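Residues take their numbers from the sequence shown, with the count starting at 1. Owing to the predicted nature of the structure, the values given are computational and were not obtained by experimental measurement. When a ligand or atom number is given, it counts from 1 through the structure's own listing order.
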Amino acid sequence: MIVGAQWGDEGKGKVTDLLAERADSIVRFQGGNNAGHTIIRGNETFKLHLVPSGILHPGKTCIIGNGVVIDPGVLISELDELRRRNVDTIGLKVSANAHLIMPYHLLLDSEGEAKLGELKIGTTKRGIGPCYADKAARLGIRVQDMLDETILRKKIMTAMEPKRQELRPFARDPMLDLHTMTEAYMTFGHRLEPHIADTAALVWNDLQAGKEVVFEGAQGALLDIDHGTYPFVTSSNPVAGAACVGAGVGPTAIDEVWGIAKAYTTRVGSGPFPSELDDDIGDRIRDTGGEFGTTTGRPRRIGWLDLVALRYASRINGLTGLCITKLDVLSGIETLRIATGYRTDDGAEFKDFPYHQSVLHHAQADYVDLPGWQEDISGARSLEDLPQNCRDYLNFISDSLGVPIVLIGVGPERSQVILSGDRAAELA
Ligand code: IMP
């Protein structure tokens with residue numbers, strides 16, 4: 001299982017892409033098109049939001065599990081774009097139980113943010129929160145509903161009813177017309193029908209047959225609705241435990257959990273960020289690392305690596321391995337800081353991630369300073385190729401977490417990785 005160990009955008013797509021090569025199926029289990037994966041292959045760049053990145057490997061089953069929320073228009077555009085670029089999409093399977101993002105979810109997301117004003121969450125405005133809210137309220141429309149016009153119409157009517165007041169300003173929006181919406185979603189249903197399946201059964205069959213299944217998380221632990229920096233979180237559970245629910249497998253099926261973290265920290269949207277950098281070094285990392293959102297294009301907030309948050313993410317995910325990405329971005333910085341604790345104005349110190357939101361909002365990071373390296377490391381393919389300072393930086397992280405580093409990213413290309421440890425050696 002691949003999960004984000006920070007606030008998302010850790011480079012999960014690249015790691016999944018590497019693992020997908022030898023896996024039989026790749027499964028997404030939560031989130032929706034708020035996620036964005038960029039995969040670089042030679043001089044081709046693929047930006048995927050919903051389709052699991054394994055689709056680029058022919059012959060794989062790529063599953064969008066029941067825990068994902070799907071904007072069917074976006075999914076179909078992605079399939080069209082992949083087909084245009086000669087990628088075979090026959091292996092894509094979509095859970096009949098996954099929930100659908102409806103036009104009113106998009107409007108409610110934007111409206112909700114506008115109403116919050118300064119307190120806004122900074123959502124991706126893709127309708128994610130309102131869709132999961134309807135799921136919990138049992139007013140959701142599911143993928144299988146697109147296959148029956150009578151049911152679809154009735155369910156849309158029922159779901160719209162309690163939203164009448166909030167949707168009043170959009171009463172004339174043609175997309176909210178019941179007939180138009182039903183027609184549009186029936187058309188999506190026809191297009192997607194060959195892909196719709198009982199995906200939990202597909203995963204079960206693969207596991208029974210001893211095949212390798214990769215679960216691909218979206219977002220990251222600190223954006224988890226239960227364990228993240230609530231309310232500045234997404235509306236799903238990006239932590240490893242959620243894969244069981246969102247894909248329909250038991251916890252005994254999972255044998256490895258790899259957490260992905262950048263060599264520094266980024267965050268998009270609002271919310272606390274104790275190791276945030278608001279200076280030239282932050283700007284430099286943003287520019288060198290191309291830290292602009294794949295989904296929204298927003299500049300990402302930048303900070304030093306935060307070991308307090310990373311230790312927390314490691315604990316709640318039960319990480320068995322750690323992948324450190326974008327290490328090359330730090331080359332040339334004289335002194336690198338790593339947050340090892342938090343401190344509040346009244347002098348209270350925290351070595352562990354504080355549970356109280358107010359503490360986190362006022363926390364300043366305490367740092368350990370390590371010497372940087374000047375060398376270009378983008379050509380390194382083994383730990384021995386890395387400068388000593390760079391290895392010290394990595395050792396500091398894995399010692400602090402008690403989790404081995406299994407993969408290190410030193411550039412955007414899929415070949416620009418260093419694999420370490422037994423399991424990783426199998427992938428080489
Ligand atoms: P939502 O998921 O669109 O509701 O947004 C809620 C919060 O999660 C916002 O702070 C978003 O910026 C953040 N978020 C959602 N998806 C991603 C992602 O893929 N990467 C980074 N942040 C994300």
Side-chain angles (χ1 to χ4, degrees), residues 2-16 28-39 47-53 67-71 74 78 99 101-102 105-116 118-136 216-239 242 246 259-262 264-273 276 286 289-303 306 309 313 325-326 357 360-361:
I2 302 297
V3 288
Q6 295 167 318
W7 275 281
D9 310 317
E10 300 94 348
K12 296 177 289 290
K14 178 173 162 169
V15 181
T16 315
R28 269 202 61 184
F29 55 88
Q30 46 72 231
N33 60 314
N34 47 351
H37 288 165
T38 306
I39 298 159
K47 286 186 191 287
L48 298 172
H49 297 283
L50 272 169
V51 177
S53 26
V68 176
V69 287
I70 299 172
D71 185 326
V74 172
E78 255 175 51
H99 281 247
I101 296 179
M102 305 297 291
H105 292 141
L106 298 173
L107 295 173
L108 292 171
D109 198 353
S110 298
E111 266 298 284
E113 284 284 88
K115 276 195 192 131
L116 283 171
E118 292 234 312
L119 297 175
K120 72 171 194 251
I121 291 154
T123 74
T124 58
K125 299 193 180 156
R126 299 296 190 266
I128 306 295
C131 183
Y132 276 116
D134 267 356
K135 175 178 177 176
E216 175 183 9
Q219 290 86 41
L222 280 310
L223 287 173
D224 188 281
I225 190 162
D226 284 86
H227 303 285
T229 49
Y230 192 91
F232 303 102
V233 292
T234 192
S235 297
S236 67
N237 292 104
V239 294
I260 320 298
K262 276 181 207 173
Y264 47 93
T265 311
T266 65
R267 168 164 209 174
V268 274
S270 326
F273 186 173
E276 185 162 16
R286 184 179 300 105
E291 295 295 355
F292 298 89
T294 320
T295 303
T296 58
R298 288 181 287 180
R300 295 178 181 144
R301 297 160 66 193
I302 311 285
D306 181 344
T325 59
K326 292 190 143 182
Q357 197 194 342
L360 200 57
H361 273 276

Residue pair Arg126 / His49, side-chain heavy-atom distance below 4.5 Å: no
Arg300 and Asp9 ion-paired at < 4.0 Å: yes
Among Asn34, Asp224, Thr234, side-chain hydrogen bond (donor to acceptor under 3.5 Å, both in side chains) partner for Gln219: Asn34
Arg267 and Phe232, any side-chain heavy atoms less than 4.5 Å apart: yes
Any side-chain heavy-atom pair of Thr265 and Trp7 under 4.5 Å: yes
Residue shell around ligand 1, heavy atom under 4.0 angstrom: Trp7, Asp9, Asn34, Ala35, Ile121, Gly122, Thr123, Thr124, Gln219, Leu223, Val233, Thr234, Val268, Gly269, Arg298
pair Ile121-Glu113: side-chain heavy atoms closer than 4.5 Å: yes
